Amino acid sequence: MERIGISQWIGSVLHVCSEEMRRVCKDEGALMFFILVPLLYPLLYAWIYNNEVVREVPVAVVDCSHSHESRLFLRMFDASPDTRVAYYCNNLEEARDLVARQVVKGVLYFPTDYSLQLRRGEQATVGVYCDMSLMLTYKAIFQTAQTVALRHNGEIQVALSGAMTERDEELTVHPIQIEEVPIYNATGGYGNAILPAVLVLVLQQTLLLGIGLLAGSERERLRSGKGFATVGAEDGMVSFIVGRALCYFLLYVVMAAYVTLCVPRFFHFTVLSTAIPLLALLIPYLLACVFLGMAVAHFVRYRENVILLVVFTSVPLLFLSGVSWPKSNFPACWHYISMLFPSTFGIRGFLKVNSMGASLADIRMECMALWAHAVVYFFLAYASFRKLKKQESQLPE
Amino acid sequence: MIKLLVGISLREWGIIRKHPIYWFCLGVFPVVVILLFTSLMSEGQPTALPVGIVDHDHTAVSRGLVRKLDAFQNSKVVAHYTSVAEARKAVQENDIYAFLYIPKGMTEEMMALRQPSLSFYYSNVTLLAGSSLFKDLKTVCTLLTANVGATKLAAMGKTPREIEQFLQPIVVDLHMIGNPWANYNVYLSTIMVPGLLMLFIMLLTPYVVGTEMKFGTVDQWLEAANQRVGVAVAGKLLPYTLVFLLVFYGYEWYILRVLHFPAQGGVMAAACVGLLAVLAAQGLGLFMFAVMPSLRMSMSMCSLWAMLGFSLCGATYPVFAMDSMIEGIAQLFPLRHYYMVYQMAVFNGYPLSYCWMNVAALLLFAFLPWVAFRPLKHALRNYVYTP
């Protein structure tokens, strides 16, 4: 193979890129995965979680004490934004039936001697029964009950302590002023926590699906003798791969910008990202995903098999990125397996940049890992295409 | 008719043996998925989550506070930082999920009753870590506050019981019905794994019918069924029903008998819910193909339906908290009904009659292909594969 000049090499890259663009535009399936899904799926997803928090969880009350104190507790419990008293029941069996029918998510139980014990200066118990099928409702009910109990305790202590001034009262109840500050995702919203991860994962999965679909078509055409996949690789495999990668990269630069900058703003999710860290993260991430797609795509025998192989990995990859279950608690083998996928580092980096306003220095590990991915998968893609070319050259003309 | 059914099923079995993709989707991937989720969250509750400390007080009290925090199950003190800014940077770098800030002179002010402030900062970016650490940090700070009162009362000569009664007149007696350990493995694996199994079923069903079209073997297939489309489709899908029932029941056996997940409903409820899930997923998959006889389109719609089902089933973020329009849309997804039946009949042990609407919905999904039987017949006879 004769050596070619730089300008000829660039020309070859651009030629392959434009050919690939043409191929993508002619393939309905690839268009759907490259353009339609990244456009619409994030919108649908964000709409589902738009309310972010759980409010007014219905609770049933079994008040056997029928006293002023229990009603005080219940009024405060009902006043909380997270819970509301929905039903009054005569006994726990009735309340249990309501939980069974899913109309309430928990039960508050006041024993008959609740008021009596309080007035005697003994400990009174409020029974809180939570349906554990939903963690968010359990949290809402339990935390509200705790908070109301704490407030009441404070008021009782003030009454009993015989404090002289208001300041004295304050000091009895709160000798130390405790401040709880949620930094980053201050709303504690579910959408704020999950959505950035899903947005970044959608980019990888749709890239893999689209590239796999195109590669599957190529293999089928190859097998049926209808054409050659590596047309345009005469000037060298590297320019061929770079040209194809350039095509996908250009498409996805637009998609990534839409997904990371527009979608969170449409739904008023937290956006703390700045230009340089975002670019420094997304460029190697897209390159790594493109090369990963090109490397594994040719293992797919038939076009539609790629859907079977890629779609189910979405949920496991979301979990392996550490957004639901903290990464510090992964067993070692899953920790190492998670490092094989660009989405792990892409999601972690994007969470840092978008939800925590991280700077370039903070995401250096993720950026380095993604560049390493890009390089390794480039070589894998090279090997994969060389094998394909060899298969083609062995076919009868 | 039975003979025809068996004949087509055996033919299908031969196809399965020839193509490795089926072995992967029927056997390898479901097992990997089951093992992944159950082993990833095998701890149940995230323990030893990294926490940082910014201690400007440097007294016995502050050190005692830090030791107490470290002793809690969910938190582990991994680093001491010299300033709040440094600790915040550590949160940004994901080294810690929360930190406690003890200001200078806190003990002194506490003794002198000048109401010092004690603050903790936690990150909700990983919701589970944030809420676990919030619980621990709040408890340890409240204990310190209580300690101040307790010390004073003890000095006054009160008995421990009297101190307890003064400091905490109202006690919340929490009963976590069904999952007393707040085990996240029980909570998440029991919806993620069935969701993924139903995804496999929903994807494979249009795939197997569509590939007959793709490879032009529809005539041969219908011939084996004496041109009866119903028998042909039933015979073709029967091996998959059996294998997926085996996989689903294997998963249920694994979580109920090996991992001992709490399930007050018992074996019959679990068997029922497994059967309903497999039939509903297959029914919906076949219906999708009948309505959109393009292999790629029907598979894409099925994957969309299955993926959206994870969010819309309401297992993590409840459906009643979503917009009302979405509450209605959620009923169109089989995973939502599976979750309701599982949660009411298997997890909580209530009779199936309480969730009869969801059971009916799952049966409806299973019988959907009957509604689209004519279009399916038409498609199989006349349509051509489009890539």
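Below, read A as the first sequence line, B as the second, and so on, with proteins coming before strands; counting in each chain starts at 1. It should be emphasised that the depicted structure is a prediction, and the values quoted were computed from it without experimental measurement. FYI, side chains are in, hydrogens and waters are out, and symmetry mates aren't considered; it's all heavy atoms of this structure.
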> Is the shortest distance from a Lys or Arg side-chain nitrogen in Glu366(A) or Lys352(A) to a carboxylate oxygen in the other one below 4.0 Å?
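Salt bridge present between Glu366(A) and Lys352(A).
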> If you count heavy-atom pairs under 4.5 Å between each of Ser300(B), Gly130(B), Gly149(B) and chain A, which one has the most?
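When all of Ser300(B), Gly130(B), Gly149(B) are compared, Ser300(B) has the most.
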> Considering residues, nucleotides and ligands other than Arg114(B), do more than 12 of their heavy atoms fall under 6.0 Å from its CZ?
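Above 12, so yes.
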> With only heavy atoms counted, which part of Arg364(A) is less than 4.5 Å from chain B, the side chain, the backbone, both or neither?
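Only the side chain of Arg364(A) comes within 4.5 Å of chain B.
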> Between Asn192(A), Asn185(A), Thr187(A), which is the residue that forms a side-chain hydrogen bond (donor to acceptor under 3.5 Å, both in side chains) with Thr270(A)?
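It is Asn192(A), the one option of Asn192(A), Asn185(A), Thr187(A) that forms the side-chain hydrogen bond (donor to acceptor under 3.5 Å, both in side chains) with Thr270(A).
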> What residue in Ser303(B), Ser311(B), Ala129(B), Cys302(B) has the most heavy-atom pairs under 4.5 Å with chain A?
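Top option by heavy-atom pairs under 4.5 Å: Ser311(B).
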> I'd like to verify something: which residue of Leu203(B), Asn179(B), Leu36(B) has the highest number of heavy-atom pairs under 4.5 Å with chain A?
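Answer, by heavy-atom pair count under 4.5 Å with chain A: Leu36(B).
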> With a 4.5 angstrom heavy-atom cut-off, is it the side chain or the backbone of Cys141(B) that approaches chain A, or both, or neither?
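Both parts, backbone and side chain.
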> So what's closer than 4.5 Å to chain A heavy atoms on Lys214(B): side chain, backbone, both or neither?
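Answer is side chain: those atoms of Lys214(B) sit under 4.5 Å from chain A.
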> Under 4.5 Å heavy-atom distance to chain A, tell me which part of Phe200(B) shows up: side chain, backbone, both or neither.
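The answer is the side chain of Phe200(B).
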> Considering only heavy atoms, which portion of Leu308(A) lies under 4.5 Å from any heavy atom of chain B: side chain, backbone, both, or neither?
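Both backbone and side chain of Leu308(A) come within 4.5 Å of chain B.
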> Under 4.5 Å from any heavy atom of chain A, what part of Leu113(B) do you find: side chain, backbone, both or neither?
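Contact with chain A: backbone and side chain both.
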> Judged by modelled atom types alone, do Asn50(A) and Asp323(B) share a side-chain donor-acceptor pair under 3.5 Å?
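Per modelled atom types, Asn50(A) and Asp323(B) side chains form no pair under 3.5 Å.
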> For the interface with chain B, which of Gln102(A), Met32(A), Arg101(A) has the highest count of heavy-atom pairs at distances below 4.5 Å?
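Of the candidates given, the most pairs with chain B belong to Gln102(A).
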> Given a strict heavy-atom distance threshold of 4.5 Å, which part of Phe120(B) is in contact with chain A: side chain, backbone, both, or neither?
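For Phe120(B), heavy atoms of backbone and side chain both lie under 4.5 Å from chain A.
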> Salt-bridge test for Arg167(A) and Glu170(A): reply yes if a basic N is under 4.0 Å from a carboxylate O, no otherwise.
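Answer for the salt bridge query: yes.
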> At a heavy-atom separation under 4.5 Å, does Val353(A) approach chain B through its side chain, its backbone, both, or neither?
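Val353(A) has no heavy atom closer than 4.5 Å to chain B.
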> Taking 4.0 angstrom as the limit, do Arg296(B) and Asp27(A) come out as a salt bridge?
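No.
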> As an exercise: rank Gln117(A), Met365(A), Glu52(A) by heavy-atom pairs under 4.5 Å with chain B and give me the winner.
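Highest number of pairs under 4.5 Å: Glu52(A).
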> Look at Lys138(B) together with Glu180(A) and state whether they make a salt bridge at an N to O cut-off of under 4.0 Å.
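Salt bridge: yes.
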> Chain A heavy atoms under 4.5 Å from Leu199(B): which part of the residue, side chain, backbone, both or neither?
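It is the side chain, since no backbone atom gets that close.
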> Counting heavy-atom pairs under 4.5 Å with chain B, which one of Glu56(A), Arg55(A), Lys327(A) comes out on top?
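Looking at each option in turn, the highest pair count goes to Lys327(A).
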> Please report, to 0.1 Å, the donor-acceptor pairs under 3.5 Å made by any side chain of residues 315-326 of chain A, with sequence neighbours excluded.
from      : atom 1 : to        : atom 2 : distance (Å)
Ser321(A) : OG     : Leu318(A) : O      : 2.8
Trp325(A) : NE1    : Asn329(A) : O      : 3.3
Trp325(A) : NE1    : Leu40(B)  : O      : 3.3

> At a heavy-atom separation under 4.5 Å, does Met176(B) approach chain A through its side chain, its backbone, both, or neither?
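Both parts, heavy atoms under 4.5 Å.
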> Any side-chain heavy-atom pair from Val128(A) and Asp173(B) closer than 4.5 angstrom?
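They are not in contact (no side-chain heavy atoms under 4.5 Å apart), so the answer is no.
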> Using non-hydrogen atoms only, which part of Arg88(B) is less than 4.5 Å away from chain A: side chain, backbone, both, or neither?
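Contact with chain A involves both backbone and side-chain atoms of Arg88(B).
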> By a 4.5 Å heavy-atom criterion (distance strictly below it), what part of Ile178(A) contacts chain B: side chain, backbone, both, or neither?
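For Ile178(A), heavy atoms of backbone and side chain both lie under 4.5 Å from chain B.
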> Measure the spacing between CD1 of Ile170(B) and CD of Gln165(B) and express it to the nearest 0.5 Å.
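Ile170(B) atom CD1 to Gln165(B) atom CD measures 13.5 Å (nearest 0.5 Å).
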> Chain B: which of Glu304(A), Met356(A), His335(A) shares the most heavy-atom pairs with it under 4.5 Å?
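Highest number of heavy-atom pairs under 4.5 Å: Glu304(A).
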> Check whether Met322(B) gets within reach of chain A through its side chain, its backbone, both or neither, counting any heavy atom under 4.5 Å.
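For Met322(B), heavy atoms of backbone and side chain both lie under 4.5 Å from chain A.
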> Using the six-membered ring wherever Trp is involved, compare the ring planes of Tyr317(B) and Tyr49(A) and label them parallel, tilted or perpendicular (cut-offs 30° and 60°).
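Geometry flag for Tyr49(A) against Tyr317(B): perpendicular rings.
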> Under 4.5 Å, counting heavy-atom pairs only, tell me which of Pro331(A), Pro175(A), Ser328(A) racks up the most with chain B.
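So the answer, after comparing Pro331(A), Pro175(A), Ser328(A), is Pro175(A).
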> Checking heavy atoms, do the side chain of Leu188(B), its backbone, both or neither come under 4.5 Å from chain A?
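Just its side chain gets close to chain A.
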> Any side-chain hydrogen bond (donor to acceptor under 3.5 Å, both in side chains) involving residues 122-132 of chain B? Give me the pairs, sequence neighbours left out, ordered by first then second residue.
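Listed by first then second residue: nothing to list.
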> Kindly determine whether Tyr184(A) and Tyr97(B) satisfy ring-ring contact (aromatic ring centres under 6.0 Å, His included), including the steps that lead there.
CA-CA 10 Å; Tyr184(A) 308 133; Tyr97(B) 293 110; over 10 Å; no
> Based on non-hydrogen pairs under 4.5 Å, which of Gly178(B), Gly314(B), Ala321(B), Pro169(B) is most in contact with chain A?
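Top option by heavy-atom pairs under 4.5 Å: Pro169(B).
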> Quick one: which of Gln115(B), Met344(B), Glu93(B), His19(B) has the most heavy-atom pairs under 4.5 Å with chain A, could you say?
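Among Gln115(B), Met344(B), Glu93(B), His19(B), the one with the most close pairs to chain A is Gln115(B).
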> Is it the backbone or the side chain of Ser294(B) that comes under 4.5 Å from a heavy atom of chain A, or both, or neither?
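No part of Ser294(B) comes within 4.5 Å of chain A.
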> Examine whether an atom of Ile21(B) lies under 4.5 Å from a heavy atom of chain A, and if so say whether it belongs to the side chain, the backbone or both; otherwise answer neither.
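Only the side chain of Ile21(B) comes within 4.5 Å of chain A.
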> Answer with side chain, backbone, both or neither: which region of Tyr121(B) has an atom nearer than 4.5 Å to a non-hydrogen atom of chain A?
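Contact with chain A: backbone and side chain both.
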> Tell me whether the rings of Tyr114(A) and Phe73(A) are parallel (<30°), tilted (30 to 60°) or perpendicular (>60°).
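Perpendicular.
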> Examine whether an atom of Ala182(B) lies under 4.5 Å from a heavy atom of chain A, and if so say whether it belongs to the side chain, the backbone or both; otherwise answer neither.
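For Ala182(B), the contact with chain A is made by backbone and side chain together.
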> Just by distance, no angles: are the side chains of Thr172(A) and Gln157(A) close enough, under 3.5 Å, to form a donor-acceptor pair?
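The answer is no; no qualifying pair exists.
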